[in-house]
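Read through the structure below, which is laid out as structure tokens, and then see the notes.
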Number of protein chains: 2
Amino acid sequence: MGRVKLSIKRLENTSRRQITYSKRRTGIVKKAKELSILCDIDILLIMFSPTGKPTLCLGEHRHD
Amino acid sequence: MGRVKLSIKRLENTSRRQITYSKRRTGIVKKAKELSILCDIDILLIMFSPTGKPTLCLGEHRHD
DNA sequence: CCGCCTATATTTAGATT
DNA sequence: GAATCTAAATATAGGCG
């Protein structure tokens, strides 16, 4: 999506790869939280940035 | 998105909850795979359907 | 329950500040 | 190099078969 259609292959430019990671990580974390709430499910998402920094996302559905 | 804007809260209708889960699960798995390839990262996604069935998604980035 | 349709909501690539 | 903008690509809600 966005200005240009990206083919799904490794982004060779380091800066681009990090920027894309940052943007898409935000999106996928949002989707995961939405899914857990909408469908009342457990979900776990773990990912590592291009530099190795981990992000953990746990869904936030009803706990009762 | 779609025909109607959904507010992010638990879908009370069971059938609708399962249909939405199925559709969104497909989308988020696709996003996870794209992210792992584009940014060459490790990613793990685990989720449980409203009926308890688990789905595991591992990213598929370069292994070398 | 899956696949297709399509109007509309959402994400995001690249540019700009 | 983060924050914001915006045109354009994608995801998806509801409906149908």
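In what follows, chains are A, B, ... by sequence order, proteins preceding strands, each numbered from 1. Source: prediction; values computed, not measured.
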Taking atom P of C/dC1 as reference, at what distance in whole Å does atom CZ of B/R25 sit? 11 Å
From the list C/dC1, D/dT6, C/dT12, which nucleotide is the closest neighbour of the side chain of A/M1? C/dT12
Spacing of A/Y21 atom OH relative to C/dT11 atom P, expressed in whole Å: 17 Å
So, for B/V29 and B/M47, which heavy atoms are closest and what is the spacing to 0.1 Å? CG2-CE, 3.5 Å
Is B/L6 touching bases, backbone alone, or none of the nucleic acid, heavy atoms closer than 4.0 Å? sugar-phosphate
Start at the 5' end of DNA chain C and walk down; is the nucleotide closest to A/T20 or to B/S22 reached first? B/S22
Think A/R24 has a side-chain N or O under 4.0 angstrom from the OP1 or OP2 of C/dA13? yes
Please find the pair of heavy atoms, one from B/A32 and one from B/L45, that lie closest to each other, and give the distance. CB-CD2, 4.3 Å
Hey, does A/R17 have a side-chain heavy atom less than 4.5 Å from the side chain of B/L38? no
Nearest-angstrom distance from the residue atom CD of B/Q18 to P of D/dA13: 15 Å
Nucleotide C/dT11, atom C1' - distance to CD of A/E34 in whole Å: 11 Å
Decide yes or no, distance alone: a donor-acceptor N/O pair under 3.5 angstrom between the base of C/dT6 and the side-chain of B/R3. yes
Where the side chain of A/K31 is concerned, which of C/dG14, D/dA11, D/dG14 is the nearest nucleotide? D/dA11
A/K5 side chain near D/dT10 phosphate (N/O to OP1/OP2, under 4.0 Å): yes
Spacing between B/I19 atom CD1 and C/dG3 atom P, to the nearest angstrom: 14 Å
Tell me if the side-chain of A/K23 makes a donor-acceptor pair with the base of C/dG14, cut-off 3.5 Å, by modelled atom types. yes
Under-4.0 Å salt bridge between A/R24 and B/E34: yes
Does A/K30 place a side-chain N or O at less than 4.0 Å from the phosphate oxygens OP1/OP2 of C/dT11? yes
Heavy-atom neighbours of A/R10 CZ exceed 12 at 6.0 Å: yes
In this structure, how many angstroms lie between the P atom of D/dG1 and the CZ atom of A/R17, rounded? 15 Å
May I ask you to verify if any side-chain N or O of B/R16 is less than 4.0 angstrom from the OP1 or OP2 atom of D/dA13? no
Please state how far atom CG in B/L38 lies from atom C1' in C/dT11, giving the value in whole angstrom units. 14 Å
